[in-house]
Structures are given as structure tokens and as C-alpha cells.
Amino acid sequence: MESLASQAKPAAVLWLAGFLQAARLHRVVSFCASSRPLSARIAQCFLLNGFIFLGSLLTLKSVVIPILSWILPGDCSQLQEQHLCDHTVAVATYSFLRSVLIQIFYVLWFYPLYIFSFVLSMDYCFTILKIPIFHILNSGEPNCTFCNVGHLTYNDIAKHALDVVKRKSLDATKALDAHTISESTEKPEGFDEVAIGIGEQVYSILLLTIFFIEVSVIGYIPYFGKPMNFLLLSLMYAYYCFEYKWNFFAVSLNERLDFFESNWAFFAGFGSPCVLPIFFFSPLTSYGVMAILYPLFVLTAAGTQAEKVIDQLKPSHGGKLQRIPVFFIAKRLTTQVLQLFPEVQKEQ
């Protein structure tokens, strides 16, 4: 109990610090003011996920469904011709037709729009696979072959923001201040670096995919499943937000996982604002809200010096936060899967 009590204060302090760092949305304004391409990407994101997606959902619930309910009422009290109430088949037919028309609206509009938005926005696999190649093959702008894969992407938003950070020579250019990446003569070059980078990123994709499945399953556990689901989702989204930055500055997977698990409370707080819509809106609405909020938190992560903030808070909580192996199960399962592919495992 004493050990648990000693961890409560540093966990609470770091959680609040992470939450406040995520809430510093004025950084979004600063980034957008410094980069015209970034402003365009943010505007496109709001147009697609906010105006079109959420606007369509609002139109469906506020206009389409009420009109269909008036034309095809499912309650006798709403029927203009009361004698139809004597025919239950007529009322049932109205209800069936109304449901079919609403489902057609979902199938022909919402689901394609959802998939379209998902493909354009959630380009995570392309993101982490192409960044290591950028560092090797191109010292300037990325190769157009990769850039043309979905212009409206969170990767584009993160890249433009990190370009601003790098251009201004801010301290935040250090992804992990105590683990600054520098060129080393022992570091592999050329094709070897490409192979190692791709192998590491394949491992990362598989690790995060298994972790996502783990988080989803935990959500169905009675009683404590929902709180655990919220905590793990917060950690997952925080990792996604900072992953762009860590990839951009070529931070190794071992370094980022070690730093993340050692400061889990900070990242749990950072990811909390992005996850909250899940618990207050329907699935489609929560997706639209999160799709708007997520790139904003990617930008706040780009401007956050996580290690500096964490170090500054150590005197205030007077204790060292115990590391929690957040990815323990995912790591074990990932290793088991990669054992089926010796070539990939050899590159790790």
C-alpha cells in the first residue's frame, strides 16, 4: 500500500501535465501561421471530417429522419388517416420502408465517406515505413512517389509542423532531449540502414496492431473494462501523436518504448482529451470528432518537449514514477508472430 501511495502523487502530477500539454492548442495557431501548406491541410481536415462528415450526420438526424418519420410514420397517432391503424400491416410496412431508406442513406453515403476519410487520414502504415527512407534517399523534400499517396494525411500535417520546428531551430527539435540522435560512424548506411529501418517499422506496425486488439478486447471486460479501455486508449493515441515526431527525428523503437513506458502517466494524460469523445457520442459521431481533434494533438505533440517537462516536474512530486510495461503482452505476441518470419526478426 505504501508503494502504491508513493506512486499516486507522481502519477497524478504527470497525468495533469500531459493533459495540459495536449490542451495547449494555441500551438496549432502558431504552427499554421508559420506554414501555409500546414494551414491548407488543417483546413482540408476540418472540411472533410467536420463540415462534410459531421454536417451530413447532423443533416440525417435533424432533417432526413424527421421527414421520413412524417411521411412514413410508425405510430398510429401520427397517421393522418386513422383507419390505417386497423391494418397493422400498413404500419409495419411504413416502419420497414423508413428503416430501409435510412440504411440506404448509410450504405450509399456515410460508409463510403467514412472509408474515404479513413484512407486519406489514417495513413499510419505508410507514414512509418516511408520516413526512414526519406532520411537516406533524400535530404530535402520526400520523393513524390511516396508523397502522392493521399494528400490529406495526418503525416503531411505532422511533417509540415516538424519542418516549422526544425526551421525555427527550437529546442523542441530534440524528440527526446536526453537521447538526441546524432550521426555516428558506426551507424549503418545505405541499403543496410534502409533494411534495418523497414524491419524496425514492420515490428512497430505489428506491435501497435496487436496492442489495439488488446485494448479493444479489454473494453468488454465487466466492471473495470471501461476504465481500463479509456486508460489504454489514451496511451495508444498519445503514442500515435508522438510517433510522427519520433519517426521524423529517427528515434529508435527501443528508445521511444522505454521513454513511453517510463513516463506512462504523462502520456495517459496527453491522450485523454482525444479519447473523451468515444464515451459521449455515437460511434460515427465520435469518429468525426476524433478525426478533427487528432491532428490538433499531433501538432501539440510536435511542439511538446516531453522530457524537459517531465524533468522539471520531478521536484514537485518528489518521487520517481515506476515504469509500467504497457506493451508487455503486445511485445510477447509480436515476437511470437515474427518467429514465423526469420528474415524480418533478424533485422530487429
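All figures in this text were calculated on a predicted structure; none of them were measured in a lab.
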Residues at least two apart in sequence or cross-chain that pass side-chain hydrogen bond (donor to acceptor under 3.5 Å, both in side chains) with Thr285, listed by chain then number, are Ser282
Pairs of donor and acceptor atoms involving the side chains of residues 57-66, under 3.5 Å and at least two apart or interchain, shall be tabulated with distances.
unit_1: Thr59; atom_1: OG1; unit_2: Gly55; atom_2: O; d: 2.8
unit_1: Ser62; atom_1: OG; unit_2: Leu58; atom_2: O; d: 3.0

Could you go through the ring pair (Phe, Tyr, Trp, His ring centres under 6.0 Å) check for Trp264 and Phe260 one step at a time? CA-CA 6 Å; Trp264 58 270; Phe260 188 87; 10.0 Å; no
Heavy-atom count check: over 12 atoms from other residues, nucleotides or ligands less than 6.0 Å from Phe212 CZ? no
Is the backbone N or O of Val251 less than 3.5 Å from a side-chain atom of Arg256, with the two atoms forming a donor-acceptor pair by type? yes
Salt bridge (Lys or Arg N to Asp or Glu O under 4.0 Å): pairs with one or both residues in residues 259-274, sequence neighbours excluded: Glu261-Arg323, Glu261-Lys331
Within a reach of under 6.0 Å around CG of Leu20, are more than 12 heavy atoms found that belong to other residues, nucleotides or ligands? yes
Residues in side-chain hydrogen bond (donor to acceptor under 3.5 Å, both in side chains) contact with Ser56, at least two apart in sequence or another chain: Trp109
Using the benzene-type ring in the case of Trp, are the ring centres of Phe267 and Phe242 under 6.0 Å apart? yes
Is the backbone of Arg27 close enough, under 3.5 Å, to the side chain of Ser30 for a donor and an acceptor to pair up by distance? no
Does Asp311 pair with Lys308 as a salt bridge, N-O distance under 4.0 Å? no
Measure from the ring center of Phe270 to the ring center of Phe19 and say whether it is less than 6.0 Å. no
Tracing side-chain contacts under 4.5 Å among Ile, Leu, Val, Met, Phe, Trp and Tyr outward from Ile213 reaches Val217
My understanding is that only residues two or more places apart in sequence, or in another chain, count here; which of them pass side chain to side chain contact (heavy atoms under 4.5 Å, CB included) with Leu276? Phe230, Phe280
